[in-house]
Every structure is written in C-alpha cells, then in structure tokens.
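A short worksheet on the structure shown next.
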Amino acid sequence: MYLLEVLSGPLDGKTWAFEQEITIGRDAGIADACIPLDRYVSRKHAQLHVDGERLILTDLKSRNGTKLDGKILSHDARLEIGTPFVVGRTVLRVTRA
C-alpha cells in the first residue's frame with residue numbers, strides 16, 4: 001500500500017491511499033486523487049502505477065506538464081519513494097503506507 005501526499009499546494013497535507021494505480025487530476029469523475037483548487041492541474045493530469053517493486057509516473061498529455069527533478073516529463077519515469085514531483089502548482093510525493 002502506498003500514500004500519495006500533497007507537500008505544497010491548495011490541499012497541503014491531503015493524502016490518498018492506493019495499491020496498484022492512481023490517477024491525478026482536477027475532475028473528481030476521472031481522478032482518484034482530485035486536486036480541484038489548482039487551476040494548473042488538468043482534468044486528467046498524471047498517473048502513478050506500480051510495476052513490480054517500481055513506481056512509474058506518467059504525464060497524461062496535461063496542458064502544463066508533470067515535473068520531476070525540475071524537468072517536464074516527456075515519457076514515463078521511474079519515481080523513487082519520497083521523491084517530490086509537481087502537477088500544476090501542487091507538489092506531491094509517494095510514501096509507503
């Protein structure tokens with residue numbers, strides 16, 4: 001079990017638990033982790049999924065991109081537990097539950 005946590009942004013401190021996959025976005029009908037107050041987050045912005053022991057971060061063709069290590073993702077990227085990443089203006093990280 002994993003926890004997706006908001007480190008900085010309009011929902012600071014909010015968490016969502018997930019096991020295999022979680023979609024991040026602004027639309028509650030589409031996103032498991034809904035961030036409706038950040039207008040720079042797309043309706044369906046990014047996705048995290050578990051591949052064995054690895055976490056994979058994917059940008060879902062969002063308008064403002066998904067940033068990891070200060071760079072906008074152009075393809076799927078491996079995400080280490082605890083490493084911050086940015087969707088819109090919201091900083092997130094994944095920890096183990």
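Residue Leu73 is grouped with residue Ile22 when hydrophobic side chains (ILVMFWY) are merged at heavy-atom distances under 4.5 angstrom, including chains of intermediate members. Linking Ile, Leu, Val, Met, Phe, Trp and Tyr whenever their side-chain heavy atoms come within less than 4.5 Å puts Leu55 and Ile24 in one cluster. The hydrophobic clustering, which links ILVMFWY residues whose side-chain heavy atoms are closer than 4.5 Å, places Leu48 and Ile56 apart. In this structure, Leu60 is not a member of the same hydrophobic cluster as Ile30, with clusters built from ILVMFWY side-chain heavy atoms closer than 4.5 Å. Cluster membership check: Leu92 does not share its hydrophobic cluster with Val86, using side-chain heavy-atom separations under 4.5 Å among Ile, Leu, Val, Met, Phe, Trp and Tyr.
Taking OG of Ser42 as the reference point, atom CG of Asp27 lies at 11.0 Å (rounded to 0.5 Å). Between the OG1 atom in Thr23 and the CH2 atom in Trp16 there is a gap of 12.5 Å [rounded to 0.5 Å]. Atom-to-atom distance recorded for Cys34:SG and Arg26:CZ is 9.0 Å, nearest 0.5 angstrom. For the atom pair Leu4 CG and Asp32 CG, the distance stands at 10.0 Å (nearest 0.5 Å).
Closest approach of Arg89 to Asp38, counting heavy atoms only: N-OD2, 2.7 Å. Across all their heavy atoms, Ala46 and Val87 have their closest contact at CB-CG1, 4.2 Å. Taking every heavy atom of both residues into account, Ser62 and Gly65 meet most closely at OG-N, 3.0 Å. Considering every non-hydrogen atom in both Leu3 and Ala97, the closest pair reads CG-CB, 4.1 Å.
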Side chain to side chain contact (heavy atoms under 4.5 Å, CB included) evaluation trace for Thr90 with Val6: CA-CA 7 Å; Thr90 300; Val6 177; 3.7 Å; yes
Should Thr66 and His45 be marked as a side chain to side chain contact (heavy atoms under 4.5 Å, CB included) after you check the CA-CA gap, both sets of side-chain angles, and the distance that decides it? CA-CA 8 Å; Thr66 300; His45 197 105; 3.3 Å; yes
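Each salt bridge (Lys or Arg N to Asp or Glu O under 4.0 Å) pair with one or both residues in residues 63-88, not counting sequence neighbours, appears once here: Arg78-Glu80.
In this structure, the side chains of Leu68 and Leu79 come closer than 4.5 Å at one or more pairs of heavy atoms. Counting only heavy atoms from C-beta outward, the side chains of Tyr2 and Ile81 approach each other to under 4.5 Å.
The one candidate from Lys14, Arg93, Arg96 that meets the salt bridge (Lys or Arg N to Asp or Glu O under 4.0 Å) condition with Glu5 is Arg93.
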